[in-house]
Each structure stands twice: as structure tokens, then as C-alpha cells.
Amino acid sequence: MKSFRIVFLSLLLMCLGSGCAINPEKVGGFNLISVDEEKQLGDKFAAEIEKEQKVVNDPEVQAYINRVGQKLLTGVEKVEFPYTFKVVKDDSINAFAIPGGHTYVNTGLIKAADNEDELAAVMAHEINHVVARHSTRQLTQQYGYSLLLQLVLGQNPNMLAQLASQVFGKAGSLYYSRGMESQADYLGVKTMYNAGYNPVGMEKFFKKLQAESQQEPGKLTKFLSSHPLTSERIQSVDAEIAKLPPKSYQPSPTESEFTKIKAKVQKL
Ligand SMILES: [Zn+2]
């Protein structure tokens, strides 16, 4: 009996450490921050981020990324936030979504993607961190509920600026648990499938990044440093794709636009 209890306790501790308590199919977990508070917090963070990062000043590029984002939203489980999609001038391969659904795509990601499916894959992953409300859960755990509430209420502008930079800025990153990352992959594959993007694009893009980082270990991209691409992770994506009902994917009507936008971004 005693040894059973020890096994149970060690399993529980392992779960707490790796975040394996997350059921990937369940998006509505416990969250101290309300949806409304998250929207307010997100708007405040967005204003700070856009002071630090350079939003690309090209209406055609912005309209395109917004179209890809809106198309992906047709495939998510629930849309609780007013999502926005913007391209920022930063050549590291990354995209990030902050509380409330403000999603930023680096120019480096557009340059690294070979087609719209690959670009949509990373965006689908990021959107689902918002859908499952991972950032507010993670921020509450790291910084405490009362501090976040102060930020929502605008009581601590210095801390807001500091945190925005530390967590979402060029040099910073919000690290999610492994369970949260797997959930964003799991939901991301479903989102791509539902929205009409071929989820194989996710597997291909992850494999490509993994191969590049093995060839040149020094060239670890921002996306890889916050999202370790283990073979296990790629295998899970592959296994999930295999479970989806067969579908013939139509080439995206915006595919030719992808090539045009990529060429434009390369010259920025
Ligand atoms: Zn992630």
C-alpha cells in the first residue's frame, strides 16, 4: 500500500513538472483571469509590443497575413477573442500570440516557409495557445494573479512594459509546459484540417527546422528555442494527421499571393 502511494505521488509530481495533466481535446481549463480581463490585458501588451517591435508598414503584406489568420479561425474550436494578425520585421523564424488573440508573424517565418501551408502551420499552433488560453494560465503561474490583475487595471505601467518585453519582446519568450505545446500542436493540426489547409505542412515544416538545427546547431531559431522539436513531437503530429478522415485539399486561392508576399518580404 505504501509503495502504491509512493508511485502515485511520484506520478503526480512528474505530471506537475511536465504538464501532462492537460487533456489535448479539452480547451476550457481553469483560469483565474476572465475572458474580459484577458482581452484588456492583451490590448495593453499589444500596445507595448508595437512600441518595441517594428510592425511592417505595407498594407498588402498585412492584409495577406490577416486573410490567412481569418481563414484559420474558421477551423478553431471556439473564437472568444477579437484576433488580430500582424507581420513584424524580425528575421528570426518565429510567430507569437499574446493574451487576447493578438498574433504576430516574423518576416523570418514567411521567408523560411516554402508555401502557405507551412506558414499556416505555425500560425495555427500559435492561435491555439490563445484558444486554450495558455498564456494567461502560464503568466498567472509565473507572476501571480494579483500582479496580472494590477496590469489589467492599469495600476502598474512600468511592470507592464517590463513584462511585455521580458515575455513577448525580441529577446524574451514565454515558455509553455510540454503539455501545452502538445495541445497547441494537436489543436493546430485539427484547425488546419478544418480550415482547408493540409496539416502535412506542419510536419514538413517541423522536420525542415529540425534538420536545419542539426546541420547548424548554432543557428537555433527563436521558434525552436521556445518549442523544442523533438522527434517524439513530430511523430505525434504525424500520428494525428494519420487519424484524420481523408480529404482532397484544394490549392489555397491565396497560394499565388504567398509567393508574391514572400518576394516582397524578402526585399524589406
Ligand atoms: Zn507553442
Side-chain angles (χ1 to χ4, degrees), residues 17-27 29 31 38 42 45 49 53 65 68-69 72-73 75-77 81 83 85-86 88 90 92-106 108-110 112-113 117-142 164 166-192 197 199 201-210 213 220-238 240-241:
S18 66
C20 72
I22 289 180
N23 172 357
E25 287 176 49
K26 199 169 164 274
V27 295
N31 198 322
E38 180 168 337
F45 273 137
I49 286 164
Q53 306 243 12
I65 214 70
V68 177
L72 284 167
L73 286 180
V76 303
E77 210 139 310
F81 300 103
Y83 287 77
F85 301 92
K86 291 181 182 172
V88 288
D90 183 333
S92 55
I93 305 171
N94 198 28
F96 60 100
I98 67 164
H102 300 281
T103 308
Y104 299 91
V105 174
N106 284 10
L109 172 62
I110 302 176
D117 284 339
E118 293 188 356
L119 167 67
V122 177
M123 290 174 71
H125 174 97
E126 290 302 322
I127 289 172
N128 280 292
H129 275 311
V130 179
V131 170
R133 306 193 61 212
H134 289 159
S135 62
T136 36
R137 277 202 254 167
Q138 194 71 4
L139 287 168
T140 311
Q141 209 176 46
Q142 279 181 19
Q166 201 174 310
V167 175
F168 304 110
K170 274 185 188 258
S173 197
L174 180 63
Y175 288 91
Y176 293 116
S177 70
R178 236 190 305 160
M180 287 174 174
E181 291 303 347
S182 326
Q183 184 175 38
D185 284 347
Y186 174 85
L187 296 171
V189 166
K190 274 175 117 179
T191 294
M192 289 184 79
Y197 282 114
M202 185 182 282
E203 194 192 337
K204 278 195 183 156
F205 194 62
F206 283 1
K207 279 186 179 159
K208 197 164 73 181
L209 291 186
Q210 193 193 33
S213 72
L220 189 72
T221 69
K222 183 117 186 246
F223 187 75
L224 285 177
S225 68
S226 57
H227 297 77
L229 275 172
T230 56
S231 301
E232 188 193 352
R233 188 172 164 205
I234 296 173
Q235 272 163 19
S236 310
V237 169
D238 184 35
E240 202 200 324
I241 295 170

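Start at 1 and go down the list; that is how both ligands and their atoms are numbered.
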Problem set entry | Minimum side-chain heavy-atom gap Tyr197-Thr191 below 4.5 Å | no

Problem set entry | Sum of protein N, O or S atoms, each under 2.8 Å from the Zn ion (ligand 1) | 4

For this session: Step by step, work out the side chain to side chain donor-acceptor pair (under 3.5 Å) result for His134 and Glu181.
Result: CA-CA 9 Å; His134 289 159; Glu181 291 303 347; over 6 Å; no

Problem set entry | With sequence neighbours excluded, residues passing side-chain contact (heavy atoms from CB on, under 4.5 Å) with Gln138 | Gln141, Gln142, Leu174, Tyr176, Met180

For this session: For the residue pair Phe81 and Tyr83, categorise the inter-ring angle as parallel (less than 30°), tilted (30 to 60°) or perpendicular (more than 60°).
Result: perpendicular

Exercise. Among all residues two or more places apart in sequence or in another chain, which pass the side-chain hydrogen bond (donor to acceptor under 3.5 Å, both in side chains) test with Asp238?
Worked result: none

Exercise. Can you name the residues that form a side-chain contact (heavy atoms from CB on, under 4.5 Å) with Lys86, not counting sequence neighbours?
Worked result: Glu50, Val55, Gln62, Tyr104

